[in-house]
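Here is the structure we will look at.
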Amino acid sequence: MSTTQVRTRFAPSPTGYLHVGGARTALFNWLYARHHGGTFVLRIEDTDLERSTEESVTGILDGLSWLQLTWDEGPGQGGDFGPYFQSERLDIYREYVQELLDGDKAYLCYCTPEELKVRREEALAQGQDPKYDRRCANLSASQRRALQDEGREPVVRFRSSDVGTTEVNDLIRGQITFDNEMLDDFVILKSDGMPTYNFAVVIDDHLMQITHVIRGDDHISNTPRQIQVYEALGFPVPEFAHLPMILGSDKTRLSKRHGATSVTEYRDDGFLPEALVNYLALLGWSYSATDTLFTMEELIEKFSLDRVSRNPAVFDMKKLEWMNGVYLREVEPGRLTDMVMPRLQKEGLVPKTVDGATRARVKQIAVALQTRIRTLDEIVPSSRYFFVDDIEYDPAAVEKFLYRDYVPDMFHVLHDELAKAEPFTETNIEKAFLAVQAKVDRKLGDVIQPVRVAVTGTRVSPGMYEVLAALGKDRTLTRLKTGAQMAKKGLAIHS
RNA sequence: GCCCCCAUCGUCUAGCGGCCUAGGACAUCGCCCUCUCACGGCGAAGACAGGGGUUCAAAUCCCCUUGGGGGUACCA
């Protein structure tokens with residue numbers, strides 16, 4: 001075990017929202033740093049001028065913050081190794097590019113993207129490796145001038161070795177060997193003056209003193225290129241750990257067509273950050289044969305790279321939903337009310353300004369539905385009948401439970417019993433029901449199910465007494481009257 | 001095409017040569033609880049991709065095949 005401070009980083013490119021795969025990578029980096037009392041760095045890799053946007057940066061920052069994946073250095077945090085936006089580090093890259101140029105470890109290349117594309121396709125068509133043909137590798141000064149005069153903007157290419165092998169020592173996969181022959185002279189500085197990923201990542205990871213590069217295994221193939229740059233510059237090579245990919249249900253790379261892939265989308269749909277984190281932690285990592293539920297603290301304590309899997313993992317929405325439900329059930333009533341309130345307001349079910357009585361009622365409803373929702377958003381459809389007067393009736397439910405000959409009379413009796421219930425509490429409501437049940441001499445279910453349909457419009461709801469108490473006496477009595485009329489009409493038509 | 005990675009129930013995984021007639025979780029199904037649903041409890045079904053080796057012994061080690069994923073950009 002080395003005594004050097006562990007420093008990890010998450011280095012997203014701001015070309016879109018924070019993807020759950022990215023969040024998982026961030027999480028593992030964060031956990032590794034926290035576990036070792038190290039530093040977690042956030043660096044924005046915005047060298048792609050075409051695709052990088054300000055909104056993406058904001059979205060990524062928001063997503064990480066929501067997940068509680070706090071960074072010690074990076075945007076908004078500062079740090080001794082900044083700037084943390086690659087677009088602000090251009091001078092630094094140029095300096096090292098020049099160093100390579102001076103040492104003849106890199107050279108100017110004047111081939112245009114179009115020319116390269118044609119040559120690549122030709123090579124492929126002839127069954128040859130589509131690597132750069134090095135035609136600019138040994139240009140004379142006058143040749144360069146001629147090309148320059150044609151108006152060509154050069155790129156800088158790394159002069160890569162094509163003999164021997166490059167070894168990647170991966171903490172998760174062990175040693176991986178690449179034939180240097182496979183690597184071509186890749187571009188390190190684009191014609192617009194921006195560095196490419198494979199170059200900038202090396203400079204930054206070195207300068208930011210990153211000790212452990214933990215990233216998706218789609219970067220494995222890039223690693224030998226990066227190692228060659230480390231070596232050309234005389235930088236020590238950090239540790240690498242390549243995480244398995246996250247796939248969709250069809251085993252292809254997780255993308256939008258598999259469903260939600262954005263962290264903020266999960267937030268908006270009503271997932272809890274601790275549930276998403278717990279779920280993501282289990283995608284590629286496991287602690288034991290039996291444990292699946294972990295708090296953040298436990299994750300920090302138990303996380304280790306040697307328990308990271310090598311297999312790609314399919315993102316299982318069902319399991320995430322289950323896990324979210326588990327966390328949801330643990331939420332205190334007060335906090336649950338706070339979480340549910342804005343969603344009800346957004347739907348216009350609860351007014352924008354909430355008085356004490358309304359809040360108490362929402363709390364009562366939220367608690368009643370707590371074991372029945374898997375995401376916060378589900379509160380909306382499952383509680384609608386508490387808030388609106390023109391409830392929707394499920395025809396099948398009406399048919400089955402309301403169109404019974406004893407129902408109209410029973411509803412009248414129940415109506416009068418409930419009218420007497422004061423205060424309108426669960427216990428008093430239960431007394432009324434038991435009295436009615438005795439009077440009509442039927443099973444409790446035969447009393448309750450018709451009432452449930454009359455009151456909620458459906459055959460599914462929390463406990464009847466709980467529902468009526470939260471609904472309130474007035475609405476309950478009104479719906480019983482309406483129900484009795486519906487029952488009468490229905491029975492008349494049927495007979 | 002070439003290079004690299006990966007391969008245990010439908011899914012996430014435990015397993016790191018004998019403890020495995022392969023364990024857990026989600027999903028599925030059944031039963032219990034019960035005013036419905038949910039929660040909870042109990043139970044069932046369900047996997048070592050195929051073929052060769054190595055070994056007294058292989059899910060575990062090696063090789064091949066097959067399958068999946070990734071890379072091969074002036075994207076990251």
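When reading the values below, keep in mind they use all heavy atoms of this one structure, side chains included, and skip hydrogens, waters and symmetry mates. Lettering follows sequence order; numbering is per chain, from 1.
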Describe the nucleic acid contact of [X] in one word from base, sugar-phosphate, nothing, applying a heavy-atom distance below 4.0 Å.
X	result
S191(A)	base
S221(A)	base
C109(A)	nothing
S461(A)	base
F186(A)	nothing
T252(A)	sugar-phosphate
N222(A)	base
H242(A)	nothing
P224(A)	nothing
R374(A)	sugar-phosphate
M182(A)	sugar-phosphate
R51(A)	base
V155(A)	base
T177(A)	sugar-phosphate

Do side-chain atoms of Y287(A) reach the backbone of T292(A) as a donor and acceptor pair under 3.5 angstrom?
->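 No, Y287(A) side chain to T292(A) backbone: no donor-acceptor pair under 3.5 Å.
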Whichever of L320(A) and R120(A) has its nearest RNA chain B nucleotide further upstream toward 5' =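 Going by which nucleotide is closer to the 5' end, it is L320(A).
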Relative to the 5' end of RNA chain B, which residue comes earlier, L189(A) or R452(A), by the nucleotide with the nearest heavy atom?
->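 With L189(A) and R452(A) compared, the 5'-side residue is R452(A).
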Taking any strand in view, what nucleotide pairs with [N] in a Watson-Crick or G-U wobble way, both distances under 3.5 Å?
N	value
rC37(B)	none
rA59(B)	none
rA44(B)	rU28(B)

What's the gap between [N] and [M] when it is taken at their [atom1] atoms, as a whole Å value?
N	M	atom1	result
rA47(B)	rA27(B)	C1'	15 Å
rU28(B)	rA14(B)	P	24 Å
rA58(B)	rU13(B)	P	27 Å
rC16(B)	rA22(B)	P	16 Å
rG15(B)	rG24(B)	P	15 Å
rG67(B)	rA49(B)	P	16 Å
rC9(B)	rG46(B)	C1'	5 Å
rG18(B)	rG23(B)	P	16 Å

How far does OH of Y279(A) sit from CG of L293(A), to the nearest 0.5 angstrom?
->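 Result: 13.5 Å between the selected atoms.
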Using 4.0 Å as the upper bound for N to carboxylate O, is an ion pair formed by R384(A) and E392(A)?
->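 Here E392(A) does not pair with R384(A) in a salt bridge, since their nearest N and O are not under 4.0 Å apart.
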Salt-bridge contact D184(A)-R134(A) (side-chain N to carboxylate O under 4.0 Å) =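 A salt bridge is absent here (no side-chain N lies under 4.0 Å from a carboxylate O).
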Kindly indicate, with the supporting measurements, whether the criterion side-chain hydrogen bond (donor to acceptor under 3.5 Å, both in side chains) is fulfilled by T375(A) and D377(A).
-> CA-CA 5 Å; T375(A) 66; D377(A) 246 14; 6.0 Å; no
Take the protein atom CG of L414(A) and the nucleotide atom C1' of rC35(B), then report the distance between them rounded to whole Å.
->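 Answer to the nearest Å: 13 Å.
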So which nucleotide from rU8(B), rC2(B), rA27(B) ends up closest to the side chain of D129(A)?
->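 Nucleotide nearest to D129(A)'s side chain: rC2(B).
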Choose from rC35(B), rC26(B), rA76(B) the nucleotide whose nearest atom is closest to any side-chain atom of W322(A).
->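 Per side-chain heavy atoms of W322(A), the pick is rC26(B).
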Between W285(A) and F28(A), ring centroids under 6.0 Å =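 No, the ring centres sit 6.0 Å or more apart.
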F199(A)/F158(A) aromatic ring centres below 6.0 Å =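 So the answer is no for these two rings.
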Kindly say if K190(A) contacts the phosphate of rA73(B), meaning a side-chain N or O under 4.0 Å from OP1 or OP2.
->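 Checking rA73(B) against K190(A), no side-chain N or O comes under 4.0 Å of OP1 or OP2.
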Does the side chain of R329(A) get closer than 4.0 angstrom to OP1 or OP2 of rG40(B) through an N or O atom?
->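 For rG40(B), OP1/OP2 do have a side-chain N/O of R329(A) under 4.0 Å.
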